[in-house]
4 protein chains.
Amino acid sequence: MVKQPDPARRSERSRQAILTAARELVSEVGYAKLTIEAIAARAGVGKQTIYRWWPSKGAVVLDSFLALSEAGPEQDMALPDTGDLEADLKTVMRATVAEFADPAFEGPIRALNTEIINDPALAAQYREKLAGPVDEAKKARLRSAQRAGQLAADADLDLALEVLYAPLYQRWLLRSGPLTPEYADALVEVFLKAMRPAPPGRP
Amino acid sequence: MVKQPDPARRSERSRQAILTAARELVSEVGYAKLTIEAIAARAGVGKQTIYRWWPSKGAVVLDSFLALSEAGPEQDMALPDTGDLEADLKTVMRATVAEFADPAFEGPIRALNTEIINDPALAAQYREKLAGPVDEAKKARLRSAQRAGQLAADADLDLALEVLYAPLYQRWLLRSGPLTPEYADALVEVFLKAMRPAPPGRP
Amino acid sequence: MVKQPDPARRSERSRQAILTAARELVSEVGYAKLTIEAIAARAGVGKQTIYRWWPSKGAVVLDSFLALSEAGPEQDMALPDTGDLEADLKTVMRATVAEFADPAFEGPIRALNTEIINDPALAAQYREKLAGPVDEAKKARLRSAQRAGQLAADADLDLALEVLYAPLYQRWLLRSGPLTPEYADALVEVFLKAMRPAPPGRP
Amino acid sequence: MVKQPDPARRSERSRQAILTAARELVSEVGYAKLTIEAIAARAGVGKQTIYRWWPSKGAVVLDSFLALSEAGPEQDMALPDTGDLEADLKTVMRATVAEFADPAFEGPIRALNTEIINDPALAAQYREKLAGPVDEAKKARLRSAQRAGQLAADADLDLALEVLYAPLYQRWLLRSGPLTPEYADALVEVFLKAMRPAPPGRP
DNA sequence: TATTAATCGAGACGGTACGTCCTGTCTTTGC
DNA sequence: GCAAAGACAGGACGTACCGTCTCGATTAATA
């Protein structure tokens, strides 16, 4: 049986130093050129301390992002709900476009995606810890729209989210086209057209 | 100015050996564990010959896929056009789902995507050589549907393609849900709802 | 300031394996075709372990010779001292001639000299570790002869050693003439003529 | 049977360019870092042209020195002969010391010696073409001294030359001591003491 | 409070691959 | 038919990291 390290003895100071170093280095040199050795050096930590607690480079980086999210524990991911679904979604999608354009996010997010694509375990963790909560917040807004009769009541919300976000995500990931506010608006319009409730009566 | 190698002197025999070796090795060991050194050894080629003609490992692998595509020169990428757009698209999307499920494609395509995400130059080449022609074939089918009045005449076809394909691609890439024939069908239905022509008259 | 490796952590087992491998390989393939890579492979050692502790191929080979010399710790380098300087020197010089003729010594010693000529640092180490102690033993014999009145009391012993040995060394190194016992004797005779004490009295 | 290149077709312009380039590069980067490729590039010559006409790097470099010597065909290597052997020898030895101290000679001469040590064929050529004539000139001066009764008539002149020059050469080659005018003088004095004629009479 | 056992920073280790450089041969093109 | 140009297979270079492995030196919970 393999001896597991005792989490109780774990040095919190080292853990924080490692996550911080990882975050900084991803920004500075990019994920591909990030090395465990550099993280250890920057964090003033022995390499073994990293290998003891994380199974892979990707796990460290993912944790470093999670640490950020968890920082503000009760942070509000809820989407705006003014009653005007189209306006709310355009606001959110334009914000997403802006976020993707921010070079400070560019590197780390690409890094994360790179690793997630090839590591199912990491992908599961990513969905559970990061994507899941965000998606739930989005679905909550859509359910509100369904209740307001602005969206088909029987719509598959997972599919709906994909139709709304996947084009944007793909365009960014593969750099297959410009990300503009207009593009965000167009996506929302297409989405609403696809998801609007069936006209009443006329059976 | 950097001296460029003279393409006229390039050894076709070496080029083929390298591309073949790359293709085989990606299948055998996966992209992450693929090394230039192994490709050179398998191809019976000096490492310098690879470095002379390709800027990165990703470029070699991309080329090795391109070589496959180009193998059958007059291959027909055209989509079926029976006149029934919904049926045709469902056929195509179900085929795409099946292709993504094939473990023989899984590895290499993920590999390619991994590299493309982080290498803009590679991404551009990928779009030009691989994605571009395929997208053109798809757009041709959509234009045919526009002429038949089955699709809004003023639809942005790039956006349309994204709405149709990006959800499928994202679900596969991030493993965020099951890829089933039913899912393919559902995507087509959403797509058609979003893209159908505006009802005539009634101004 | 360049970080120096910590000698306390040095692996003695690796050090020995490297020196042994170097010695064997010099004999087998010659110094010119000796590679760090081959030494590392033969010694079952990472290349970095060699680069960590030695600055050059020549330094490894020099050390591998030194290790041999140090093997017998209390080995007696003292020259014979029968009281008959001429006889003693002829014995020693004839032995040197024989040593130079031994093909097992030929290769490695030429190798070492090759490197020493072009590498002042190596040359210094060579003089300190190998040539120095030997020269001291020789000078001890000459001092004994001075006390016995067989050699000029004011003779420069460094110069004396050079006059005695350099012709032999040069003839061997440049292959500019035959190395015979007679040649050894002739050198000793010339040396004694040059270095004998000035005749007493007769001011 | 191996096809030999036809010397008649040899391009004199290329040959000169190669020898010049070799000489320059030895001075600039040293013999150890001298490469055939660099010579070819500097000379504006194909590598094959070098491999066609010379068997080794050392041969090119030796030839490059020979070309220099042959430049002035009837150049006078004769030593001064004022009748005062000691003064003449001190002049010559001091000049040799100065020459060895000249950094412009340092590199190339060490280079040559490096190669000669390990390549008997090259050594033979060196002795025949370069060292031989110089030694003859020196022996001529010594014979003149013998005729003048300043040197033992039966002295072995080869041995004599070695006693005179080898200490200087060795000290320079191995950097085993300082090369000063005083050292040159001391060597001449020792040499004369060793080689002076036996006192007459007293049989 | 002393003991003891795991974690810590540090970094050497055997390895693998990197990307560069050079070797000596071969091929193409121009003179 | 030699020459320049330079691509080629091969292989060593010296470097960077990998993941493992010792080292004392903390450090924290048990005795």
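Labels below follow one simple rule: chain letters A, B, ... track the order of the sequence lines, proteins then strands, and each chain is numbered from 1.
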Pick the closest DNA chain F nucleotide for C:Glu37 and for B:Val45 by heavy atoms, then say which residue is nearer the 5' end.
B:Val45

Winner on side-chain proximity to B:Ser14, out of E:dT20, F:dC8, E:dT27, is F:dC8

Would you say B:Glu28 and B:Arg42 make side-chain contact, with heavy atoms under 4.5 Å?
yes

Report the nucleotide, chosen from E:dT29, F:dT20, F:dC8, that has the shortest atom-to-atom distance to any side-chain atom of A:Lys47.
F:dT20

What's the CH2-C1' distance between D:Trp54 and F:dA3, to the nearest Å?
13 Å

Could you tell me if A:Ser56 and A:Asp119 have a donor-acceptor pair between their side chains, going purely by distance under 3.5 Å?
no

To the nearest angstrom, how far is A:Arg15 atom CZ from E:dC8 atom P?
12 Å

Considering only side-chain heavy atoms of B:Tyr51, which listed nucleotide, F:dC18, F:dG14, E:dC18, is closest?
E:dC18

Residue B:Gln48, side-chain atoms from C-beta onward, closest of F:dG14, E:dC21, E:dG24
E:dC21

Measure from CG on C:Leu25 to P on F:dA12 and round the result to the nearest Å.
12 Å

What I'd like to find out is whether the side chain of D:Lys57 reaches to under 4.5 Å of the side chain of D:Tyr31, using heavy atoms alone.
yes

Can you figure out which of E:dG19, E:dA12, E:dG14 approaches the side chain of C:Thr49 most closely?
E:dG14

When all nucleic acid strands are considered with a 4.0 Å heavy-atom cut-off, which category describes C:Arg52: base, sugar-phosphate, or nothing?
base

Here's a test of your reading of the structure: between D:Ala38 and C:Glu12, which maps to the more 5' nucleotide of DNA chain E?
C:Glu12

Find the distance B:Leu34:CG to E:dA17:P and express it as a whole number of Å.
10 Å

Separation of F:dA4 P from D:Arg42 CZ (nearest whole Å)
17 Å

Rounded to the nearest angstrom, tell me the gap between atom CZ in B:Arg9 and atom P in E:dT29.
7 Å

Six-ring centre of A:Trp54, A:Arg10 cation under 6.0 angstrom, axis tolerance 45°:
yes

Within 6.0 angstrom of B:Arg13 CZ, more than 12 heavy atoms from elsewhere
no

Looking at the side chain of A:Arg10, which of E:dC8, F:dA4, E:dT25 is the nearest nucleotide?
E:dC8

Between atom CD1 in D:Ile50 and atom C1' in E:dC22, what is the gap in whole Å?
13 Å

What's the CH2-P distance between A:Trp53 and F:dG19, to the nearest Å?
18 Å

